[in-house]
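Structure first, then comments.
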Amino acid sequence: MTESGLLLKGIGSFYEVLTESGEVVTSKARGVFRREGLVPTVGDRVTIERKDQGYAQLTEILPRRNLLVRPPVANVDQLLIVISASVPEPDWLLLDRMIISAKRTGIEPIPVLNKLDTADEGIVNRFRTEYHAFPVLLLSAETGEGLDALRERMRGKVSCFAGQSAVGKSSLLNALIPELHLETGGLSRKTDRGRHTTRHAELWPYENGAVLDTPGFSMFETECLEQDELDACYPEFRNAFPCRFPGCMHISEPDCGVKLLLSTGELTPERYERYCEIALDYQMRRKHRYD
Ligand SMILES: Nc1nc2c(ncn2[C@@H]2O[C@H](COP(=O)(O)OP(=O)(O)O)[C@@H](O)[C@H]2O)c(=O)[nH]1
Ligand SMILES: [Mg+2]
Ligand SMILES: [Zn+2]
C-alpha cells in the first residue's frame, strides 16, 4: 500500500513519516536515494510503502518547493520572524534582511512582536506602522496574549521560527507545544550552537501542519538580487506610482514613486533608510558579481 506523508524526523537511515491518516510510521529509505545523491530531509513530502512485517519503506521524495540549509528543512511555508517589544532592542535591519531572505526562498515572512507584556510603546508603534503591509502578529509568550491568533496562522502550514537571540522563540514554541521542554533564557549563543551539532532539527505536527523545533538559523544566504527582485520583497512598494526610470533604485532618481510613499506615510523614514542600505549593498554585489 502506497501512502503519502510528511517527513518529521530522521534517525540514521530511518525516518518518521506523518501519514495523511495522522499516523507516524517509521520508514527506511531505499538504497537508490544514496546512489542518486538524494538525502531525505525533514519537511519532505514523501511516499511510503508498508510491508507486511517490520518497517515501511520510503519510496519517493516529491519535488521540493524550497530548502533551507542550516538546519536542513524542506518545504517551509512561513517564517515567523520574532523581535522583542522590550529587551533585546529590535534589530530592525536584521528583520528586513530576513524578510528578504524568506521571500527569495519562497517562504512567507510573518513579523512577530513578542513580549507585549513588557512592551515599550515606541517599539509597538514602529512595528505597526513600518510593517503594515505584512500579516504581523503581536503577542506575549509570557501571558499567552495573541497566541490564539498565532495558532490560527499556523494551521495547515509548515512553520519555522527565526530571529535574534533572547527574543522568546523557544518560549513561544514551549507555549504552543509544552512537551518540547526547550531551554529558555540562560543559554549563551555558543552553547546553543554546540547543542545543534548533536541534535537534528525535527518537525512537530501542529494544528494540521507542523513546526520546526529549532530556531536554528538567524540568517540564510542572500544571493545577488536584481533591483526588480528586491522591489518585489517590499509589499508596500506595490502601492507606489510607477517610477520615471525603469530599474529605479529609489535613492537619488527624480520622479520616484517609492519616495512619494514617504509623504503618504506608507513608508517610514527609518524603514526607507534601511532599504537604501540594503539596495546599495545589492548594487555593490551586482558590480562585483563577475570579479
Ligand atoms: N516578559 C516576557 N519575557 C519573555 C517573553 N518571552 C520570552 N521571555 C523571556 O525572554 C528570555 C529569552 O527567551 P527565549 O525563549 O530563551 O528566547 P530565544 O533565545 O529567542 O529562544 C527568557 O528569559 C524568557 O523567559 C514574553 O512574552 N514576555
Ligand atoms: Mg532559544
Ligand atoms: Zn523609484
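All residue numbers in this chain count up from 1 along the given sequence. First listed ligand is number 1; within each ligand, the first listed atom is number 1.
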Note to self: Test side-chain hydrogen bond (donor to acceptor under 3.5 Å, both in side chains) on Gln57 and Thr59; report intermediate values, then the result.
What the structure shows: CA-CA 6 Å; Gln57 194 170 41; Thr59 46; over 6 Å; no
Next item on the list: Just let me know how Val167 lines up against ligand 1, side chain, backbone, both or neither, with a heavy-atom cut-off below 4.0 Å.
Entry: both
Item checked: For Thr118, the ligand 1 atoms whose distance to one of its heavy atoms is below 4.0 Å -> 1 (N)
Notebook entry, point to check: By number and element, which atoms of ligand 1 are closer than 4.0 Å to a non-hydrogen atom of Ser140?
Noted result: 27 (O)
Note to self: With respect to Glu183, determine whether any N or O atom, backbone or side chain, lies less than 3.5 Å from an N or O atom of ligand 1.
What the structure shows: no
Checklist line | Cation-pi check, Lys28 onto Phe14 ring (under 6.0 Å, within 45° of axis) | finding: yes
Next item on the list: Measure from atom 13 (O) of ligand 1 to every heavy atom in Ala119, Ala85, Ser171, Ala175 and give the option owning the shortest one.
Entry: Ser171
Note to self: Using the Zn ion (ligand 3) as the vertex, how large is the angle between SG of Cys256 and SG of Cys248, rounded to 10 degrees?
What the structure shows: 120°
Next item on the list: For Ala166, take its heavy atoms, then give the atoms of ligand 1 lying under 4.0 Å from any of them.
Entry: 10 (O), 12 (C), 17 (O), 18 (P), 19 (O), 20 (O)
Note to self: Report whether any nitrogen, oxygen or sulfur of Ser170 sits less than 2.8 Å from the Mg ion (ligand 2) (N, O or S, backbone or side chain).
What the structure shows: yes
Checklist line | Sub-4.5 Å side-chain heavy-atom contact between Leu139 and Leu172 | finding: yes
Note to self: Can you give me the closest heavy-atom contact between Glu3 and Arg50, atom names plus distance?
What the structure shows: OE1-NE, 2.7 Å
Item checked: Shortest-distance N/O/S atom, His250 versus the Zn ion (ligand 3) -> ND1
Checklist line | Best match, Asp117, Asn114, Leu116: closest heavy atom to atom 1 (N) of ligand 1 | finding: Asp117
Item checked: Contact (N/O only, under 3.5 Å) between Gly185 and ligand 1 -> yes
Note to self: Below 4.0 Å, non-hydrogen atoms only: which portion of Thr184 touches ligand 1? Side chain, backbone, both or neither.
What the structure shows: both
Next item on the list: Please say whether more than 12 non-hydrogen atoms of neighbouring residues, nucleotides or ligands are located less than 6.0 Å from CD in Glu229.
Entry: yes
Check: Taking everything shown except Asn208 itself, do over 12 heavy atoms lie less than 6.0 Å from its CG?
Finding: no
Next item on the list: May I ask you to decide if the ring planes of Tyr275 and Tyr272 are parallel, tilted or perpendicular, using 30° and 60° as cut-offs?
Entry: parallel
Notebook entry, point to check: Under 6.0 Å between ring centres, would you say that holds for Tyr15 and Tyr55?
Noted result: no
